[in-house]
Peer 1: 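This is the structure I have questions about; it appears just below.
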Amino acid sequence: MNAAVKRGRAIIALLPGDGIGPEVVGAARIVLEAVAKRFGHDFEFEEALIGGAAIDAAGTALPAETVAFCQRADAVLLGAVGGPKWDDPSSTIRPEQGLLGLRRELGLFANIRPVAPHPSLAEASPLKADRLTGVDLVVVRELTGGIYFGAQPLERTEDGERASDICSYTDREVERVVRVAADLARARRRKLTSVDKANVLETSRLWRRVVTRVVAEDYPDIELDHMLVDSCAMRLIQRPAEFDVIVTENMFGDILTDEAAVLAGSIGVLPSASLGAATGGLRRGLYEPIHGSAPDIAGRGIANPIGAILSAALLLRYSLGLEVEAEVVELATHATIAGGRLTPDLVTNGTRAATTGAVAEEIAATAGTARRIGTPAGTAGYA
Ligand code: IPM
Ligand code: MG
């Protein structure tokens, strides 16, 4: 995988999925193509089925060919899975199994979700603008353990049916994700907040013991604090600027990151990277916007492509080791936001909204050309 990238060649698996997935993956692809052209890389894109689209075409949410292809690819870019068509709760085949299965099959245990609201989008957030000043946080969510992957026995009892979802964690599962989060914190403001529910849950008490030990042993330079998940939910809205890196278990991370999206003005702008163990300095990864399939707006050309485009930037950074290219995409995205070309979810002042394609084309045009542009912090950078 690394050798291919060094030669400037990479195979990128595209998994458009359902709802707005195909639109935003298409948008991210044109940005990646523009970057490849400018920097002389040879990116090969190939699409595979997942989610509801795979259920319709192949009868399963995660065809074996999709898994095999993703294992061969240098990185995977995914749109979203799910939608009302496949929502029947009594069905045993569900689109989400595709995504969960792929995370497990690829061993993607660390899900990185950065939240850094763009200053010109403060109006789009329901929070007061002064609360958003200085917000720059990353949630590291454990992604292949906990209640998402425990046994789910369904039994008949004297009182009717009984359903259970088992939440379990091992030392090793906690330790490896904490290390990812602590490494990230070390490259940032060196603050790590571990979120759990240790006043109630045994898994959380184990989580807290492991985090405390790992940080004490190997990250003495990191300032660590522990926060209960209910308190964290409140703090994220009250004083979000105080967070640097948050590390938490699977379901808490799922919930807290949708909440954190409110800080950024729209869930449509948030990217994510799901990473496995490092091999030779680079990591296998799956990249996806956190917004989901948004079936209500699918096919209308109004979906916000920024979450997918920033996910493509993370793909360049983490799986292909192309840091400059990643920054170019991020700067071009910031420039487009600052310039006011926004999809309807972000438009607040009655100006005309842009389409998914128009936003993507502007970002691709900027990222594909060498010119000096402003960054949100007012410093200058090259995009
Ligand atoms: C997410 C999503 C998924 C999750 C769903 C689609 C299974 O909400 O990536 O946050 O719960 O992990
Ligand atoms: Mg979620």
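Both counts, for ligands and for their atoms, begin at 1 and track the order of listing.
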Peer 1: Tell me, please: is His291 in heavy-atom contact with ligand 1, that is, under 4.0 Å?
Peer 2: no
Peer 1: Would you list the pairs meeting side-chain hydrogen bond (donor to acceptor under 3.5 Å, both in side chains) in which at least one residue belongs to residues 292-302, sequence neighbours left out?
Peer 2: none
Peer 1: Without hydrogens or angle criteria, can the side chains of Trp86 and Ser91 be said to hold a donor-acceptor pair below 3.5 Å?
Peer 2: no
Peer 1: Near the Mg ion (ligand 2), meaning under 2.8 Å, how many protein N/O/S atoms are there?
Peer 2: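 If we list every protein N, O or S atom nearer than 2.8 Å to the Mg ion (ligand 2), we get 1.
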Peer 1: Quick check on Arg141 - does any of its heavy atoms sit under 4.0 Å from an atom of ligand 1?
Peer 2: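 In this structure, Arg141 qualifies as a contact of ligand 1 - some heavy atom is under 4.0 Å.
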Peer 1: Contact between ligand 1 and Glu288 is defined here as a heavy atom of the residue under 4.0 Å from a ligand atom; is it met?
Peer 2: no
Peer 1: Tell me the protein heavy atom at minimum distance from atom 4 (C) of ligand 1, and give that distance in Å.
Peer 2: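 Of the protein heavy atoms, Tyr148 OH, 3.5 Å lies nearest.
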Peer 1: Among all protein heavy atoms, pick the one closest to atom 9 (O) of ligand 1 and tell me residue, atom and distance.
Peer 2: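 Here the nearest protein heavy atom works out to Arg103 NH2, 2.8 Å.
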Peer 1: With sequence neighbours left out, what residues match Tyr148 under ring-ring contact (aromatic ring centres under 6.0 Å, His included)?
Peer 2: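 Not a single residue meets the ring-ring contact (aromatic ring centres under 6.0 Å, His included) criterion with Tyr148.
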Peer 1: Search all heavy atoms of Glu23 against all heavy atoms of Ile302 and return the closest pair with its distance.
Peer 2: OE1-N, 4.2 Å
Peer 1: Any pair with a residue in residues 199-213 that passes salt bridge (Lys or Arg N to Asp or Glu O under 4.0 Å), sequence neighbours left out, goes on the list, sorted by first then second residue, please.
Peer 2: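 Found Glu175-Arg213, Asp196-Arg208, Glu202-Arg205, Arg213-Glu217.
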Peer 1: Please report the closest heavy-atom contact between Leu143 and Ala110, naming both atoms and the distance.
Peer 2: CB-N, 4.5 Å
Peer 1: Quick check: closest heavy atoms across Ala58 and Pro63, and the distance to 0.1 Å?
Peer 2: CB-CG, 4.2 Å
Peer 1: Quick one: look at Gln97 and ligand 1, take heavy-atom pairs under 4.0 Å, and tell me if it's side chain, backbone, both or neither.
Peer 2: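 The answer is neither.
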Peer 1: Assess the side chains of His226 and Thr212: does a donor N or O sit below 3.5 Å from an acceptor N or O?
Peer 2: yes
Peer 1: For ligand 1, is any non-hydrogen atom under 4.0 Å from Arg113's backbone (N, CA, C, O), its side chain (CB onward), both, or neither?
Peer 2: side chain
Peer 1: Regarding Thr343 and Asp345, is there a side-chain donor-to-acceptor distance under 3.5 Å anywhere?
Peer 2: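 Judged by distance alone, the side chains do pair up.
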Peer 1: Take the angle between the ring planes of Phe39 and His41 and call it parallel below 30°, perpendicular above 60°, tilted in between.
Peer 2: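 It falls in the parallel class, under 30°.
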Peer 1: To which protein heavy atom is atom 7 (C) of ligand 1 closest, and what is the distance rounded to 0.1 Å?
Peer 2: Glu96 CG, 3.8 Å
Peer 1: Any idea which protein heavy atom is nearest atom 8 (O) of ligand 1, and the distance to it?
Peer 2: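 Among all protein heavy atoms, the one nearest atom 8 (O) of ligand 1 is Asp254 OD1, 3.2 Å.
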